[in-house]
Protein chains: 2
Amino acid sequence: MKKTPEISSFRLSPLFRELDRDLLAQIAQHATWRELDAGDQLFAKGEVGKHFFLVKTGLIKLFLLSEDGQEHIMEIVGREQLFAEAVMFMGDRYPVYATALESSRLIAFDAPFFVTLLRANPDLCLGLLASLSRQMHALVTEIDGLTMQSGARRLARYLLAQPAHKTATGRVIALPIAKHAIASLLDIRPETLSRIFTRLADDGLIAVDADRITLLQPALLKQI
Amino acid sequence: MKKTPEISSFRLSPLFRELDRDLLAQIAQHATWRELDAGDQLFAKGEVGKHFFLVKTGLIKLFLLSEDGQEHIMEIVGREQLFAEAVMFMGDRYPVYATALESSRLIAFDAPFFVTLLRANPDLCLGLLASLSRQMHALVTEIDGLTMQSGARRLARYLLAQPAHKTATGRVIALPIAKHAIASLLDIRPETLSRIFTRLADDGLIAVDADRITLLQPALLKQI
DNA sequence: ATGGCTAATTGATGTGGATCAAGGCGCCGA
DNA sequence: TCGGCGCCTTGATCCACATCAATTAGCCAT
């Protein structure tokens, strides 16, 4: 069931793009496919981890739990995205929980082996450094957003960041995840998210039809 | 005025610890001392940066500004700590502002030169990867704390993390920075911080004498 | 000393979002 | 077809913290 992935399935990821065929082959030999159904757990926080992952299809949520069981989604990882690379250098323990939001196929890369590759390949190192730096910047921006912006504003940003297709009335987007998951990601309660949606709709900025959102006034949305 | 620092002044930092004498000498040649008075700006957000820094004495605050001028301190960097390493891989732009809280002496390392060293020294690469991973984990923890914990709890954590010396009545700590700076770091208003201090004091958990805080009940403080 | 800073405290009031509670609605399985 | 069960919504109330405002206390610089 676990066969080694084709090189072509991961060579286009930014981290691997510059590598030569031989190296890619070695990486592939130390990688395996991983399949998850919706709701399946990939790893738990604190668990010793020997892999990092590339999402080929599906969605993975990375989250933390407060001691009263409240879940806070840190990030939703989608197709062609790499995650948990940092586990290789952090005492091997995952800093978050990871479960599948929908059925998903991942490639699991062997972390210890990858470290030996890093030791011999400075370019690979630099690529990984760049990737981590980008993620750090994103985290700093997230802290900024969480502490200095209102819920409505965070939702506006989120909506504007979604892929959309244009129609006569405005940009239409389909929410990729359930509303309660969006609420967790934006760090607000589902009830509050619902109220913000209706307020933005009342103000004519958006139109809501279940998970189909039309941005009627994207310019005003940006200004919130 | 800018003379190159002695090797001994930075060789003990975790990032440099494993390096041989020759490499250290090269690094030193591309490094300079930087002196700042209290309030001096080291760099601004968005500025193109060609250096990363090691604090030898003093304190540097890293912060963001909201568009209405509100300042949010992300981190206070103290002696023997390295910061802004990530700027080497992030399009060269600093993601935060940095100013001195008190007069400070720093070593400024040349980032482009350091990248050439990384290319030739996998061990150095791995050290930097480890450092960035640790910082990322800290950021994740910070998000967790900011979004899932009350102000009182964040203050308790902060106090417990400070260096203290024990006395008969409890652990005594001297706040290293002004209370309003602590408030910004914990993302609460100075007024609210003041009220939390008096509440904790009323409850007998701590005693406050200006910037001298005695932890009377550290165990209870941990439980908040 | 004196005036003018800024930090810190304290009180009164306002508010965004959480919490508690009660339906409505789509979807799926028997 | 009918429950049943998440998900979403809507309303009422609550609370932590922000905001606004006034006062006091240290701390230079003149």
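Labels below follow one simple rule: chain letters A, B, ... track the order of the sequence lines, proteins then strands, and each chain is numbered from 1.
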To the nearest Å, give me how far apart [atom1] ([X]) and [atom2] ([N]) are.
X      : N      : atom1 : atom2 : answer
A:D187 : C:dG17 : CG    : P     : 10 Å
A:D209 : C:dG26 : CG    : P     : 11 Å
B:M148 : C:dG17 : CE    : C1'   : 17 Å
B:D202 : C:dT10 : CG    : P     : 9 Å
A:R154 : C:dG16 : CZ    : P     : 14 Å
B:L175 : C:dA8  : CG    : C1'   : 13 Å
B:R189 : C:dT15 : CZ    : C1'   : 15 Å
A:I196 : C:dG16 : CD1   : C1'   : 9 Å

key: Where B:I188 and B:G151 come nearest, the two heavy atoms and their spacing   =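 The answer is CG2-CA, 4.3 Å.
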request  = Using only heavy-atom distances, determine whether the side chains of B:R157 and B:Q149 contain a donor-acceptor pair under 3.5 Å.
outcome  =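 B:Q149 and B:R157 do have a side-chain donor-acceptor pair below 3.5 Å.
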ask   = Can you tell which of C:dA8, C:dG17, C:dT10 lies closest to the side chain of B:K179?
value =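 Looking only at side-chain atoms, B:K179 lies closest to C:dA8.
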query = Counting side-chain heavy atoms from C-beta on, which of C:dA18, C:dT10, C:dA8 comes nearest to B:E191?
reply =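 Of C:dA18, C:dT10, C:dA8, C:dT10 is nearest to the side chain of B:E191.
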inquiry  = For C:dT9 and B:S194 - does any side-chain N or O of the residue sit under 4.0 Å from the phosphate oxygens OP1/OP2?
reply    =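 For C:dT9, OP1 or OP2 has a side-chain N or O of B:S194 closer than 4.0 Å.
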query = When you list every nucleotide of DNA chain D with an atom under 4.0 Å from a heavy atom of chain A, which one comes first 5' to 3', and which comes last?
reply =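 So the outermost contacting nucleotides come out as D:dC7 to D:dA12.
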inquiry  = Could you check whether any side-chain N or O of A:K56 sits under 3.5 Å from a backbone N or O of A:S9, counting only pairs where one atom can act as donor and the other as acceptor?
reply    = yes
ask   = Would you call the rings of B:F16 and B:F10 parallel, tilted or perpendicular if under 30° counts as parallel and over 60° as perpendicular?
value = perpendicular
inquiry  = If you count every heavy atom of other residues, nucleotides or ligands that lies below 6.0 Å from A:E102 atom CD, does the total exceed 12?
reply    = yes
request  = Check the surroundings of atom CZ in A:R153: do more than 12 heavy atoms from other residues, nucleotides or ligands lie under 6.0 Å from it?
outcome  =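 It does: A:R153 CZ has more than 12 such atoms within range.
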query = Would a line drawn from the ring center of A:F114 to the ring center of A:F109 be shorter than 6.0 Å?
reply =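 When the ring centroids of A:F114 and A:F109 are compared, they turn out to be at least 6.0 Å apart.
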Under-3.5 Å donor-acceptor pair between A:R195 side chain and C:dT19 base = yes
request  = Classify the nucleic acid contact of B:I188 as base, sugar-phosphate or nothing, counting any heavy atom under 4.0 Å across all strands shown.
outcome  = sugar-phosphate
